[in-house]
**Q** 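Dropping the structure in here first, questions after.
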Amino acid sequence: MSEFLTQHPRTHTCDVLTLENLDQEVVLMGWVQSVRDHGGRRFVDLRDRYGLTQIVFKPETSASMHALAHELRSEWCIAVRGLVEDRSLNGGSPNPRLKTGQIEVDARQLEIFSQSETPPFLIENQIDTGEDKRLAHRVLDLRRPSLQANFKLRHDVMQATRKYFDENNFLELETPVLVKYTPGGARNFLVPSRHQPKSFFALAESPQLFKQMFMMAGMDRYFQIVKCFRDEDLRGDRQPEFTQIDVEMSFVDERQVQTMAEGLLKSIFKKSIGVELKAPFQRMTYQEAMARFGSDKPDIRFGLEHTDLTELLRNLKGAGVPLFEQTLAKHGMIKAMRVPKACELSRTEVDKLEDLVKQLGGFGLGRAKVAEQGKAWTQSPFAKVITPEGLVQINQACGAEDGDLILFQMGKPKMVHTVLSGLRTNLGARFGLIPKNSWGVLWVTDFPLFEYDEDQKTHLAAHHPFTSPQIQDLEHLKSNPGVCKARAYDLVINGNEIGGGSIRIHDSIIQSKVFDALGISPEDQQAKFGFLLDALKFGPPPHGGIAFGLDRLCMLLAGATSIRDVIAFPKSQKGTDLLTQAPTPVDDKQLRELGIMVRP
RNA sequence: GGGGUGGUAGCUCAGCUGGUUAGAGCGCCGGCCUGUCACGCCGGAGGCCGCGGGUUCAAGUCCCGUCCACCCCGCCA
């Protein structure tokens, strides 16, 4: 039994003691950050969640404790009782970098709760350890002050969220995790049913339909901080299980959902990092975002905008450049990005950009350096063949002046946008064009309702099949689904998709038409979504909502570069848990019980 | 599914065109040290060079395969 825990409970945390506590007897508990042993003076930095406090062991205070302190090693868990002393009165010097740097605790009593093996890496903020090792020893990794700060921030975000929605009459309601499997969309994790052999649940990829049914049930305003599961390939900002702030409201249009979301974001930014966001947020249509930035989640904190040259060059019949002519003949797109001369790129650096282009799926990188008052190009494969008129018009369209570099990309629009926006992000970061401590927040609106899938030769829902079409497009649902726009909106922060939502369909006739456009037969509609269609028969309210990626939001607020730094126990990129080694095979007995046979 | 980067001591990394006994810094262990806080000084231990093949008189180094981590494309209604 610990004498400390029964007789001397903790009196303070390691961040609070100052000269105001002089001569008080205090009890601190925590981990040994470091030991500096001078023989007659032994210094220990004691660390807990809150901070560091220096402990000093002196033979004249306690010879036995001074001797015991000799045993101490990094990460041992200890308790210390002693008097708060002024460092500078003891022949020492204050440490201005520590909140508690004016004082030290002269230890009269030391208890070692537990010893520690030598940790595989240092517990300090500067992380220079491979991520696989950090994840394998996640408990130690989480002891780092920087990660502890991340999780404090995550807590603050969640609390701000709950408070905000509570104050605005939202109910925090829960939805099932084990749900009906529905094909389409993200791959589902499957859970075999023991009671219903050969049948499976899916883990919810989002609470979408349940929150809509809450609206139909008259709950009026719903929110939930909820885990979602998607069995897709991972990225730095994507985990197979992640957390959403999920919201749904009745009797609203886009603007009201967005205003509510802006209030939430303002509150979260204020309470977690003390930043005042200005609302309403900037707005941009999907079309404009793609045209100017080649992305539906543009980082608007810097320039390097794109120019579409397709029409211009079509009018000029390719302007003498065979590559342009071929692209136009194949109905491809030609876009350019002006890199101002301030962003100096050597020829070899531009050559290296070509590698990036290929990584992004492009074939090559057209280029031209503007010279002679915009009358000539150098360092360009097009320079010899382009018509003078074409050259001048391209320069003008791009706003390019002498010394500027124009980068070209042409082909299928999707590829052109992927490559050019990838280049933009890369160069923006390389030239430090992104202002520090700035927040590029915007709504992207007017998304297409459908995307055409070239493999399946069919239209798929761009957002999800319950998204309401814009009213002027209703007539095109059948005849020309490709032009229909959705009442959908994304919230983008610093080039990250942080949230997305829509106004939903509350009219069963329109819902059927959308299903028709998606090529889902009436029988399938009934089999897959019968419960929803049924609910739509009983007076559904107009409703809409939004969901935010809590992990991504916390990542941005924490200044982290990976979502894994704000998830306590994340998975590796292959979806495995390096800490517990999950997933693992299971016993035959278990499989038999579930009626499952595993292929060898 | 595809492309890229990396894997050498506990950690971070160096190791050239293949050539003696594979190095450094930090950490670790022992000793000394009464004012450190990146403490200092002296001494010491520590290696399946990711794994499996191959080429060669000789492989950390070259070739093939494979595993793992990370980044990107596809994918993520």
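Chain identifiers are assigned alphabetically (A, B, ...) following the order of the sequence lines, protein sequences preceding nucleic acid strands; residue numbering begins at 1 within each chain.
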**Q** Base, sugar-phosphate or nothing for A:Thr576? Non-hydrogen atoms, less than 4.0 Å.
**A** sugar-phosphate

**Q** Rounded to whole angstroms, how far apart are CD1 on A:Ile123 and C1' on B:C26?
**A** 15 Å

**Q** Let's test this: given Watson-Crick or G-U wobble pairing with both distances under 3.5 Å, identify the partner of B:A14.
**A** none

**Q** Any donor-acceptor pair under 3.5 Å between the side chain of A:Asn95 and the base of B:C37?
**A** yes

**Q** Does the structure show a Watson-Crick or G-U wobble partner for B:U55, both distances under 3.5 Å? Name it, or say none.
**A** none

**Q** Any strand counts, and the cut-off is 3.5 Å on both contacts for Watson-Crick or G-U wobble. Which nucleotide pairs with B:C70?
**A** B:G4

**Q** Okay, side chain of A:Arg424, backbone of A:Phe302: is any donor-acceptor separation there less than 3.5 Å?
**A** yes

**Q** Using a distance-only test with no angle check, is there a side-chain donor-acceptor pair under 3.5 angstrom linking A:Glu205 and A:Asn188?
**A** yes

**Q** Closest approach of A:Cys14 and A:Met29, non-hydrogen atoms and distance?
**A** SG-O, 4.4 Å

**Q** Stacking here means centres under 5.5 Å and planes under 30°; does A:His38 stack on B:C39?
**A** yes

**Q** Let's test this: given Watson-Crick or G-U wobble pairing with both distances under 3.5 Å, identify the partner of B:U21.
**A** none

**Q** For nucleotides 4-12 of chain B, just jot down a letter per nucleotide in 5' to 3' order: B, S or -, based on protein non-hydrogen atoms under 4.0 Å.
**A** S-----SSS

**Q** Any strand is fair game: report the nucleotide pairing with B:C49 by Watson-Crick or G-U wobble, both distances under 3.5 Å, or none.
**A** none

**Q** Would you say the side chain of A:Arg230 and the base of B:C75 hold a donor-acceptor pair, judged only by whether the two atoms sit under 3.5 Å apart?
**A** no

**Q** Whether A:Ser572 contacts B:A69 is assessed here as follows: a side-chain N or O lying under 4.0 Å from the phosphate OP1 or OP2. Is that the case?
**A** yes

**Q** If B:G44 has a Watson-Crick or G-U wobble mate with both distances under 3.5 Å, name it; if not, just say none.
**A** B:C28

**Q** Could you check whether any side-chain N or O of A:His137 sits under 3.5 Å from a backbone N or O of A:Phe121, counting only pairs where one atom can act as donor and the other as acceptor?
**A** no

**Q** Hey, would you say the A:Phe515 and A:Phe529 ring centroids sit under 6.0 Å apart?
**A** yes

**Q** How would you label the contact of A:Ser206 with the nucleic acid (heavy atoms, under 4.0 Å): base, sugar-phosphate, or nothing?
**A** base

**Q** Any strand is fair game: report the nucleotide pairing with B:U34 by Watson-Crick or G-U wobble, both distances under 3.5 Å, or none.
**A** none

**Q** Report the residue from A:Glu75, A:Gln148, A:Gln33 that forms a side-chain hydrogen bond (donor to acceptor under 3.5 Å, both in side chains) with A:Arg143.
**A** A:Glu75

**Q** Take atom CZ of A:Phe57 and atom P of B:C37, then tell me their distance rounded to the nearest Å.
**A** 19 Å

**Q** In this structure, how many angstroms lie between the P atom of B:G35 and the CD1 atom of A:Ile103, rounded?
**A** 20 Å

**Q** Nearest whole Å is fine: how far is B:C70 P from A:Ile563 CD1?
**A** 13 Å

**Q** Please report the distance, rounded to the nearest Å, between CD in A:Gln54 and P in B:C39.
**A** 11 Å

**Q** So, does the side chain of A:Ser93 form a donor-acceptor pair with the base of B:C37 at under 3.5 Å?
**A** yes

**Q** In this structure, is the centre-to-centre distance between the rings of A:Phe43 and A:His38 below 6.0 Å?
**A** yes

**Q** Rounded off to whole Å, could you give me the CD-to-C1' distance for the A:Gln573 and B:C72 pair?
**A** 9 Å

**Q** What about the rings of A:Phe200 and A:Tyr181, do their centers lie closer together than 6.0 Å?
**A** no

**Q** In terms of side-chain heavy atoms of A:Lys414, which of B:U36, B:C70, B:G74 is nearest?
**A** B:G74

**Q** Using only modelled atom types and a 3.5 angstrom limit, is any donor from either the side chain of A:Arg238 or the base of B:C76 paired with an acceptor on the other?
**A** yes

**Q** Is it the case that A:Arg108 places NZ or CZ above or below the six-membered ring of A:Phe57, under 6.0 angstrom from the centre and within 45 degrees of the axis?
**A** no

**Q** By nearest heavy atom, map A:Gly575 and A:Pro465 onto RNA chain B; which one lands nearer the 5' end?
**A** A:Gly575

**Q** Under 4.0 Å between a side-chain N/O of A:Arg235 and OP1 or OP2 of B:C70, yes or no?
**A** no

**Q** Is the phosphate of B:G74, meaning OP1 or OP2, less than 4.0 Å from a side-chain N or O of A:Thr418?
**A** yes

**Q** With nearest nucleotide decided by heavy atoms, which residue, A:Glu232 or A:Thr561, maps closer to the 5′ end of RNA chain B?
**A** A:Thr561

**Q** Under 3.5 Å, which protein N or O atoms sit close to an N or O of nucleotides 30-32 of chain B? Give each pair with its distance.
**A**
| from | atom 1 | to | atom 2 | distance (Å) |
| --- | --- | --- | --- | --- |
| B:G30 | OP2 | A:Arg73 | NH2 | 2.9 |

**Q** Run the side chain to side chain donor-acceptor pair (under 3.5 Å) test against A:Ser206 and tell me which residues pass, sequence neighbours left out.
**A** none

**Q** Report the distance from atom NZ of A:Lys571 to atom C1' of B:C68, rounded to the nearest whole Å.
**A** 18 Å

**Q** Does B:C75 pair with anything, Watson-Crick or G-U wobble, both distances under 3.5 Å, and if so, with which nucleotide?
**A** none

